[in-house]
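The structure appears right after this line, and notes come after that.
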Protein chains: 2
Amino acid sequence: MSQGNIDVSEQVSSGEACTVLEALQRVSGKWAIGILLEASNGPVRFTELERAVKGISRRMLTLTLRNLERDGLLVRTVYPTVPPKVEYTSTEMALELYGSLRGLTRWAERHRDTITAARARYDAANAADAR
Amino acid sequence: MSQGNIDVSEQVSSGEACTVLEALQRVSGKWAIGILLEASNGPVRFTELERAVKGISRRMLTLTLRNLERDGLLVRTVYPTVPPKVEYTSTEMALELYGSLRGLTRWAERHRDTITAARARYDAANAADAR
DNA sequence: CGGAATCCGCTCGGATACTG
DNA sequence: CAGTATCCGAGCGGATTCCG
């Protein structure tokens, strides 16, 4: 843990690439987006997420949630009942991010086939001259 | 290599989380975005990228470029001159992505401080009860 | 100039088992 | 229900060296 200290000093790159890098570092990781999307409709519970994101392990769900909470994208609320109940709620900041995420989503939907085809072509060409 | 076969079968999650995951998997990785942003202004050469992205190693530049080329986001053009010259050009598909990327960029710019603060707070609270 | 190849540490991420 | 703990393999990513 505490691996996430990206050195931002001086690094300006293309003028904003550094910031984008930060954004992606925070939001990236196989699962963050899925969780954020799920949480954008209102508070969600741990088990809800576990089923909704589907494919995620208990471990990664916990880790990703902790990181999102750490960065202030989710708020964790514990209800001291029995059985225990924990809700994760998107912050205002996270909801703003949600807009951009949808952009990526629709882009991926539009070009899904194209990308798959491109990969197949590239791999075929590659396998050809590897032989 | 060739690890990128995410199982999309049946997996619909929140209706689009699966697609977003694909999008992010392709575009994620510490460097892809920086490179794409750089390439969006027109063809760029290898060495240009190496300086522009700043912080990237020669190895990761090569690897990321290969993956982007593989997915059809960049086109690699070799000019058989001496010294050799190679240009990377964004495809139409990549340029569409660029729009969404800017969204992320500006979001990150707006909330950079907030996130930093949130982290500090979280870490402080955490160190407190770890002791 | 534009890579490819190698070495090596670190982190990501899955599986499994245990807890309050 | 909502985690934590541990083990372990795979891939990411940096540094360095060599090549056409």
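Proteins come first, then strands; the chains are lettered A, B, ... in the order of their sequence lines, and each starts at number 1.
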Just to be sure I understand the rule, does A/Arg59 reach a base, reach only the sugar-phosphate, or reach nothing, if contact means heavy atoms closer than 4.0 Å?
base

Which nucleotide, D/dA2, C/dG3, D/dC1, lies nearest any side-chain atom of A/Pro83?
D/dC1

Between D/dG14 (P) and B/Glu50 (CD): distance, integer Å
12 Å

Determine: side-chain N/O of A/Arg58 to OP1/OP2 of C/dT16, distance under 4.0 Å, yes or no.
no

Measure the distance from CG on B/Leu74 to P on C/dG2 and round it to the nearest whole Å.
15 Å

Picking from A/Thr64, A/Thr89, A/Ile35, what satisfies side chain to side chain contact (heavy atoms under 4.5 Å, CB included) with A/Leu74?
A/Ile35

With side chain to side chain contact (heavy atoms under 4.5 Å, CB included) as the criterion, how do A/Tyr88 and A/Glu38 come out once you've worked through the C-alpha distance, each side chain's angles and the decisive distance to 0.1 Å?
CA-CA 10 Å; A/Tyr88 293 91; A/Glu38 219 52 52; over 6 Å; no

To the nearest Å, how far apart are B/Leu63 CG and D/dG11 P?
13 Å

Nucleotide nearest A/Lys30 when distance is taken to its side chain, options D/dC1, C/dC1, C/dG13:
C/dG13

Taking A/Leu73 as the fixed residue, which of A/Leu95, A/Leu68, A/Leu65 is the one that meets the side chain to side chain contact (heavy atoms under 4.5 Å, CB included) rule?
A/Leu68

Within the 4.0 Å heavy-atom criterion, would you say B/Tyr88 contacts the bases, only the backbone, or no part of the nucleic acid?
sugar-phosphate

Mind calculating the distance between CG (B/Leu61) and P (C/dA5) to the nearest angstrom?
16 Å

Over all strands shown, is B/Thr62 touching base, sugar-phosphate only, or nothing at heavy-atom distances under 4.0 angstrom?
sugar-phosphate

Closest approach to the side chain of B/Thr47, judged atom by atom: which nucleotide of D/dC1, D/dG3, C/dG2 is it?
C/dG2

Send over the distance from B/Asn126 CG to D/dT4 P, rounded to a whole Å.
10 Å

Once you round it to whole Å, what is the distance between P of D/dG20 and CZ of B/Phe46?
17 Å

Is any side-chain N of the basic residue among A/Arg106 and A/Glu109 closer than 4.0 Å to the acidic one's carboxylate O?
no

Could you state the atom-to-atom distance from CZ of B/Arg51 to C1' of C/dC1 in whole Å?
12 Å

Determine, stepwise, if the pair B/Trp31 / B/Leu63 fulfils side chain to side chain contact (heavy atoms under 4.5 Å, CB included).
CA-CA 10 Å; B/Trp31 307 110; B/Leu63 282 179; over 6 Å; no

Send over the distance from B/Tyr79 OH to C/dC1 C1', rounded to a whole Å.
15 Å

